[in-house]
Amino acid sequence: MSSREGLDALCARADFTHIATDVLRSGTPAEKTTALRALRELATPEAHALTRLALRDETVTVRAMAARALARSRDAEDWQHLQEALDDAEPSVQHAVMDSLARMNPAAASALFRTRFDHAPESEKLNALATAQRLRLPESMALARLGLASRSSTTRTAAVALLGREGEAADGLLVQALTDAAEDVQLEALRALSRRMRVPARVFAPLLSSPVTAQVREQALQAIVLRGDASACAPVIQLLTNPEPALRQRAIRAIGQLGCTEATHALLSMLAGTHDEDERADLVTALGRLGGPETWEALRKELTSVAPRVRRAAVTAWASNAAPRDAAAVLMERLRGDPDAEVRMAIALALANSGRQEARDALKLALEDAAPEVRRMAVRTLGRDTSAEALQTLRDHRATEQEPGVLRALAAVLEQPQGPGDTPSRAASPAERPLFDPARTGQSVTEWLAAPERHPATDRVYFYEGGHLEHLETDGKLHVFRYAVTGDGLHILPEGAPERSTAFTVTPAPSASGDTPHRFRLELDRDILSGTDAPRTLYCVQTGAADAEPGAPH
């Protein structure tokens with residue numbers, strides 16, 4: 001009876017009004033909600049009158065459904081009854097009532113929420129702020145100001161989340177929220193301001209030396225890195241002496257990303273004095289970005305470090321464009337002699353991607369490596385080179401290869417079409433996209449939501465220009481990754497962990513009116529954000545597009 005056909009049949013009955021009246025008086029909650037769906041479809045004055053009766057039902061789900069059923073009404077009496085229903089003690093009913101009021105008359109609803117705000121219970125305040133954010137109500141700024149004055153940090157956080165959806169006029173209030181006593185409020189303000197690239201690094205720099213939590217400092221540091229502003233180097237360098245290892249680690253990385261060359265000697269001293277493998281690897285990476293004669297001499301020694309992770313970091317540094325002229329020769333020597341297969345693989349890949357003349361020689365050497373995984377990598381990498389020389393090298397190697405996995409990789413490469421006019425099944429060195437923006441919002445950061453109808457109380461994922469990704473969970477935990485996109489593959493690099501990769505597809509969802517789609521589904525074959533094998537679906541809603549009605553299917 002709850003199906004589309006069942007509802008149509010129910011509405012078509014001549015005695016439906018009598019049936020609905022009896023059901024709303026004595027039916028079960030499930031029967032009542034079915035009747036209310038049918039009444040919403042009818043949308044007649046008589047149907048609205050029956051729906052208003054259900055606003056006083058003893059069952060919460062029935063009252064909430066009744067409120068939603070009146071969302072399309074333009075009747076003053078319906079408005080009055082919904083306004084009275086705002087006093088309902090159940091937050092879910094309040095939420096439904098506010099949603100319907102806002103859809104009936106956004107301006108009047110915005111004024112009503114503001115009038116009630118000061119004397120409303122906290123649940124109503126939170127619902128008002130969430131409704132204003134979700135439906136982009138007029139005068140949302142005024143409502144957010146009221147929320148910022150609340151004694152409840154939860155309400156102030158919701159007010160900041162609302163400001164985060166507003167325009168440039170909200171910047172001042174968001175900056176002011178950075179001084180709030182509550183960490184949750186500071187973090188929400190930081191997240192909002194971080195996404196506004198027009199906000200300069202100097203706004204975040206004072207937080208690095210303020211008496212705030214480590215998480216606030218880390219978020220402020222990330223905001224500075226996103227802006228690439230080397231003028232903020234001084235407070236970042238001061239964090240190198242912080243007793244918190246995680247914060248020191250982020251500071252080391254930030255120094256390399258910002259190019260703070262004045263920190264070179266401090267980093268070299270730390271490299272000489274620490275035995276922590278993770279910290280040494282981060283120091284090597286940062287120093288490789290800063291460069292300088294003294295730096296490269298130190299990094300030459302790190303190519304023979306006892307720790308494979310440190311050696312891999314040194315390889316990456318030596319493969320960069322900033323490395324000395326003899327970098328290729330140095331790396332080829334290590335490719336022949338490093339005892340770790342992963343390091344040798346990293347060296348061959350680094351040379352292959354560097355564009356140097358030694359690239360093909362490195363891959364040929366990798367084809368003869370003792371480790372099958374190194375040989376498979378060499379086959380796949382050479383397979384992207386469709387030149388006759390590369391293909392002949394692979395054919396010659398197939399004659400002597402015995403490992404089944406490598407032979408399968410050779411077959412996959414050599415058996416694909418290679419004739420004139422044929423398109424290889426593999427792209428030739430696909431370029432990394434500067435911003436993962438498959439919905440084509442054209443912005444410097446794209447936001448993907450686990451459940452758009454629950455924004456902001458939902459997992460959020462932000463892809464920034466420059467290969468930086470943030471995953472914000474519903475409990476406020478923030479995970480930061482580096483990312484790259486090649487072809488139909490998304491790759492992320494968690495801190496201190498191996499790279500995770502997955503295939504993905506993006507599907508536009510047509511709007512109800514048939515206009516240009518404004519909602520997109522991002523389907524990950526594997527949830528690499530949390531490191532599980534289960535699929536993951538996220539949604540992107542283009543800026544300026546209205547959200548779907550809560551509870552609507554996606």
Side-chain angles (χ1 to χ4, degrees), residues 252 256 267-268 271-272 274-291 293-385 390 393-394 397 400-403 405-406 409-410 482 491 493-501:
I252 290 168
L267 296 183
L268 286 170
L271 182 63
T274 182
H275 297 287
D276 182 272
E277 181 177 339
D278 291 338
E279 187 167 83
R280 291 183 66 83
D282 288 329
L283 286 164
V284 167
T285 299
L287 284 165
R289 293 183 174 185
L290 299 181
E294 190 177 358
T295 291
W296 291 113
E297 188 57 37
L299 294 186
R300 190 183 297 268
K301 297 176 183 177
E302 296 306 319
L303 285 168
T304 57
S305 168
V306 295
R309 180 162 184 245
V310 176
R311 297 204 302 278
R312 288 197 296 272
V315 166
T316 301
W318 278 88
S320 70
N321 293 331
R325 291 183 178 179
D326 65 339
V330 170
L331 289 175
M332 288 292 287
E333 180 183 352
R334 295 308 308 154
L335 179 58
R336 295 184 179 93
D338 197 282
D340 187 89
E342 287 192 16
V343 175
R344 297 196 302 276
M345 190 185 307
I347 295 171
L349 274 173
L351 284 170
N353 294 329
S354 68
R356 292 185 172 94
Q357 293 180 349
E358 293 83 359
R360 190 166 292 170
D361 291 339
L363 291 174
K364 288 180 180 179
L365 191 59
L367 275 178
E368 306 303 326
D369 196 276
E373 60 267 33
V374 178
R375 300 201 301 277
R376 284 198 299 272
M377 176 279 301
V379 168
R380 289 193 297 267
T381 306
L382 271 171
R384 292 199 295 264
D385 183 349
T393 298
L394 293 175
H397 180 71
T400 59
E401 180 60 60
Q402 296 181 350
E403 206 278 327
V406 181
L410 282 162
R482 301 294 299 171
H491 317 272
L493 184 62
E495 296 177 4
E499 179 184 289
R500 303 174 192 159
S501 301

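Only heavy atoms go into these numbers, but all of them, side chains included; no hydrogens, no water, no symmetry mates.
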(request) Would you sort out whether D361 and L351 count as a side-chain contact (heavy atoms from CB on, under 4.5 Å), showing the intermediate values? (result) CA-CA 9 Å; D361 291 339; L351 284 170; over 6 Å; no
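- Of all the heavy atoms in A286 and L267, the pair that sits closest is CB-CD1, 4.0 Å.
- For the atom pair CG of L299 and OG of S305, the computed distance is 11.5 Å after rounding to the nearest 0.5 Å.
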(request) Given side-chain contact (heavy atoms from CB on, under 4.5 Å), test V343 with R334 step by step and report yes or no. (result) CA-CA 9 Å; V343 175; R334 295 308 308 154; over 6 Å; no
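- Closest non-hydrogen pair, W296 versus S320, comes out as CH2-OG, 4.2 Å.
- No donor-acceptor pair closer than 3.5 Å links the side chain of W318 to the backbone N or O of G288.
- Each of R336, R375, R344 was scored for a side chain to side chain donor-acceptor pair (under 3.5 Å) with D369, with one residue passing: R344.
- Side-chain contact between V406 and L410 is present, with at least one heavy-atom pair separated by less than 4.5 Å.
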(message) Walk me through whether E302 and R280 qualify under side-chain contact (heavy atoms from CB on, under 4.5 Å).
(response) CA-CA 9 Å; E302 296 306 319; R280 291 183 66 83; 2.8 Å; yes
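- Atom CG of residue L290 and atom CG of residue L283 lie 10.5 Å apart, to the nearest 0.5 angstrom.
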(request) Would you sort out whether D340 and R311 count as a side-chain contact (heavy atoms from CB on, under 4.5 Å), showing the intermediate values? (result) CA-CA 10 Å; D340 187 89; R311 297 204 302 278; 3.3 Å; yes
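- Closest of all the heavy-atom pairs between A362 and L335 is O-CD2, 3.7 Å.
- Residues E403 and R376 are in side-chain contact: their nearest non-hydrogen atoms beyond the backbone lie under 4.5 Å apart.
- Here the side chains of T316 and V284 are not in contact, with every heavy-atom distance at 4.5 Å or above.
- We find the CG-CZ distance between D338 and R312 to be 9.5 Å, quoted to the nearest 0.5 Å.
- The main-chain N or O of A370 is never found under 3.5 Å from a side-chain atom of E368 such that the two would form a donor-acceptor pair.
- Rounding to the nearest 0.5 Å gives a distance of 5.5 Å between CG of D278 and CG of D276.
- The main-chain N or O of L271 is never found under 3.5 Å from a side-chain atom of T274 such that the two would form a donor-acceptor pair.
- The shortest distance between side-chain heavy atoms of K364 and R360 falls below 4.5 Å.
- Annotation: the span from L382 atom CG to T393 atom OG1 amounts to 6.5 Å, rounded to 0.5 Å.
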(request) Evaluate side chain to side chain donor-acceptor pair (under 3.5 Å) for E297 paired with T295, printing each intermediate quantity in order. (result) CA-CA 5 Å; E297 188 57 37; T295 291; over 6 Å; no
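- With rounding to the nearest 0.5 angstrom, the OG1 atom of T285 is 10.0 Å from the CD1 atom of I252.
- Scored by the salt bridge (charged side-chain N to carboxylate O under 4.0 Å, His left out) test, R300 finds D326 as partners (sequence neighbours excluded).
- For the salt bridge (charged side-chain N to carboxylate O under 4.0 Å, His left out) test, no residue two or more places apart in sequence or in another chain qualifies with E333.
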